[in-house]
Each structure stands twice: as C-alpha cells, then as structure tokens.
Amino acid sequence: MESLRDVKRVMEREIAKGSCPLQFEWLEFGEKPLQFIESEGKLNEVLLYLLRMGDFKQYADKTIINNVYMDLDMLCRKVQFKRTHSIVERSEIYRRVQRYKNKLKPDYAGKVCLEIAECIFSLPEADIEKHKIIYEGQETYGFIMSNKYILGLFTHCEAARKSVVEDGVEFGHLPEEEQRIVRLENVRNVLFQTLLLDNVIVENRMFHAQMCTIMLLE
C-alpha cells in the first residue's frame, strides 16, 4: 500500500496537470452516525441507494462518476476501490457484494450497521470563486479531478477513518456500544464502503461528503 506521502506526491502532480485542488481536512461523526440494518431486504435497499440503482437511480446524475466504490475480486480475494462510469459497472459491483454477503452470512439481530462519516474538504481561497458554477439554475461548485486525484482523496479519508482514536476525532457523544464500533473493536468484516462525491454539501466554505461503510459485527 502506498504511504500517504506518496499519495500526496501523486496528487500534487495531478494538480499541476489541471485537477481541482480539493484538499482533505478532517473526518467527523454526526449526532447519529450509525444505523442498524435489521433485515436482508433493508440491506439490499441500502446497497441500491449507495450504488444509485433500482428505485434510487434518479440520484445518478453525471457527478456519480466521482464516487469511489469498494469492489471485490472473489477469485483473488482482493479488495479494490474504483470509480464507475456506467450502470453496468455498478450492477456488477452489486452482484459481487451479494455473493460476498452470502459468504459472510450476516446476522441481522443487531450485528449489521451502516456507518456514515463526514469527510471535510477545502479549497484554497484563491480557487473558490474559480470553481463556482450554475447548475440547473442554482449556484454550486464544479470539481474537475482526475481518477488518480479522486482515489487519492479517498485514501486520505480511509486513513483518517482508521486512525480516529489517534487523531482525537470526537465520538464521546455516542453510546458505549457504538463507541466500540467506531473504535473498530467488534467489527468482524466490512461488507461495503463508498465515498459519495456526487452529493457534496457546502457549509462555511467547506465541502462535506459522506463516507459510508456497511459493517458486520461480532
């Protein structure tokens, strides 16, 4: 695995080539970052939502290509994170997650949860105005980023999630059992993970995106 220093070097080269210089700042947990999934039907619904499929395909606008999805090579047992460019690719990911789910045999009696962490990004002050656009009559921001740059942002988010305790991320407002999950003390497997960059919210000139993880607990 590349170090964050190596990833940062790659991202700096991509900025020089024209990628938007969106920078990861920190990760935080909201008031209720964990949702327990109590049936296979609900789990499938969550997966369809995250992949913008089925009843949720209306959320699949052109910015969906910025989302980063976990994918699993069942033959090599290798996890990779990738962007997709079509409903066909997302459908293939969905099928592989279903096979992985059947192999892991989730226990829906309080042992499957969806965690939503907020990844906070910033733009240099000089670049904020430059990236403002009008989309469907509303003022928003447009981020043109290369594949390497987006995967670099995801790597920073993932590293921050793994080091929440060391980094001093606040989660003391959660019940003790949920704190254990945040500390990854009782996590058996990660079934699926995604960084949703197609639904970025702007607050106080900072950019918020959700990193969603479906966990199977011990």
Side-chain angles (χ1 to χ4, degrees), residues 1-2 7 10-11 13-15 17-20 22 24 27 35 37 40 42-104 106 112 114-119 121 131 133 135-136 140-162 189-201 207-216:
M1 178 182 290
E2 288 182 296
V7 171
V10 171
M11 294 174 72
R13 289 196 292 269
E14 294 304 302
I15 291 174
K17 295 176 184 177
S19 278
C20 170
L22 194 68
F24 174 77
L27 179 143
Q35 301 174 22
I37 299 172
E40 184 175 15
K42 184 62 177 178
L43 175 56
N44 291 339
E45 183 180 294
V46 170
L47 287 168
L48 289 171
Y49 169 74
L50 296 176
L51 288 160
R52 311 312 198 211
M53 294 172 52
D55 292 340
F56 307 100
K57 62 184 178 182
Q58 69 268 26
Y59 299 118
D61 62 19
K62 59 185 179 182
T63 60
I64 193 174
I65 64 171
N66 292 332
N67 291 349
V68 178
Y69 291 111
M70 172 181 162
D71 195 10
L72 180 68
D73 186 327
M74 297 297 289
L75 293 177
C76 301
R77 297 182 180 179
K78 181 180 179 182
V79 172
Q80 60 178 330
F81 293 92
K82 59 193 267 189
R83 297 162 65 205
T84 63
H85 295 84
S86 70
I87 183 66
V88 173
E89 290 179 84
R90 297 197 303 280
S91 297
E92 290 173 351
I93 291 175
Y94 181 79
R95 286 194 292 270
R96 284 190 283 272
V97 175
Q98 290 293 333
R99 290 200 294 270
Y100 191 39
K101 177 192 71 178
N102 292 336
K103 179 180 178 181
L104 295 177
V112 182
L114 169 66
E115 177 192 270
I116 301 176
E118 295 285 332
C119 297
F121 304 93
H131 291 281
I133 62 171
Y135 179 70
E136 295 185 348
T140 184
Y141 292 83
F143 307 122
I144 298 176
M145 297 177 287
S146 69
N147 184 62
K148 288 181 180 180
Y149 196 86
I150 289 175
L151 292 178
L153 289 177
F154 172 79
T155 299
H156 279 278
C157 295
E158 185 184 32
R161 175 60 189 89
K162 290 178 178 177
N189 289 99
V190 170
L191 177 66
F192 188 64
Q193 188 172 50
T194 178
L195 176 63
L196 298 175
L197 290 171
D198 65 346
N199 189 28
V200 174
I201 296 174
F207 303 88
H208 298 239
Q210 293 182 337
M211 185 167 70
C212 303
T213 308
I214 298 175
M215 301 175 176
L216 306 186

For Tyr59, does the OH atom have more than 12 heavy-atom neighbours from other residues, nucleotides or ligands under 6.0 Å away?
no
Exceeds 12 heavy-atom contacts within 6.0 angstrom, atom CG of Asn102:
yes
Could you go through the side chain to side chain donor-acceptor pair (under 3.5 Å) check for Asp71 and Tyr69 one step at a time?
CA-CA 6 Å; Asp71 195 10; Tyr69 291 111; over 6 Å; no
Residue pair [X] / [Y]: nearest heavy atoms and the distance that separates them:
| X | Y | value |
| --- | --- | --- |
| Ala160 | Leu27 | CB-CB, 4.1 Å |
| Val200 | Ala209 | CG2-CB, 4.3 Å |
| Glu158 | Met211 | N-SD, 4.2 Å |
| Lys101 | Pro106 | O-CD, 3.2 Å |
| Ser19 | Ser146 | OG-N, 3.0 Å |

Close side-chain approach of [X] and [Y], heavy atoms under 4.5 Å:
| X | Y | value |
| --- | --- | --- |
| Leu196 | Arg52 | yes |
| Val97 | Leu191 | yes |
| Val46 | Phe192 | no |
| Asn44 | Gln98 | yes |
| Leu43 | Ile214 | yes |
| Gln193 | Phe81 | yes |

Are Asn66 and Arg83 close enough, and set up right, to give a side-chain contact (heavy atoms from CB on, under 4.5 Å), and what steps lead you there?
CA-CA 6 Å; Asn66 292 332; Arg83 297 162 65 205; 3.8 Å; yes
Rounded to the nearest 0.5 Å, what's the gap from [atom1] on [X] to [atom2] on [Y]? Could you check?
| X | Y | atom1 | atom2 | value |
| --- | --- | --- | --- | --- |
| Met215 | Asn189 | CE | CG | 11.5 Å |
| Lys148 | Leu153 | NZ | CG | 14.5 Å |
| His85 | Ile64 | NE2 | CD1 | 11.0 Å |
| Thr213 | Leu195 | OG1 | CG | 10.0 Å |
| Tyr100 | Ile93 | OH | CD1 | 15.0 Å |
| Phe24 | Cys119 | CZ | SG | 5.5 Å |

Would Arg96 and Tyr94 count as a cation-pi pair here, with the cationic atom under 6.0 angstrom from the ring centre and within 45° of the axis?
no
Look at the aromatic rings of Phe143 and His131 and report parallel, tilted or perpendicular, splitting at 30° and 60°.
tilted
Salt bridge flag under 4.0 Å for residues Lys42 and Glu45:
yes
Could you please spell out the steps behind the side-chain contact (heavy atoms from CB on, under 4.5 Å) verdict for Thr63 and Leu197?
CA-CA 7 Å; Thr63 60; Leu197 290 171; over 6 Å; no
Under the criterion side-chain contact (heavy atoms from CB on, under 4.5 Å), I'd like the reasoning laid out for Leu114 against Ile37: C-alpha separation, chi angles, the key distance, then a yes or no.
CA-CA 7 Å; Leu114 169 66; Ile37 299 172; 4.2 Å; yes
Audit row: Asn147, Ile150, side-chain contact (heavy atoms from CB on, under 4.5 Å) steps and yes/no:
CA-CA 5 Å; Asn147 184 62; Ile150 289 175; 5.7 Å; no
For the pair Glu14 and Lys17, evaluate salt bridge (charged side-chain N to carboxylate O under 4.0 Å, His left out) and give the outcome as yes or no after the intermediate values.
CA-CA 5 Å; Glu14 294 304 302; Lys17 295 176 184 177; 3.4 Å; yes
Are the side chain of Asn67 and the backbone of Asp198 linked by a donor-acceptor contact shorter than 3.5 Å?
yes
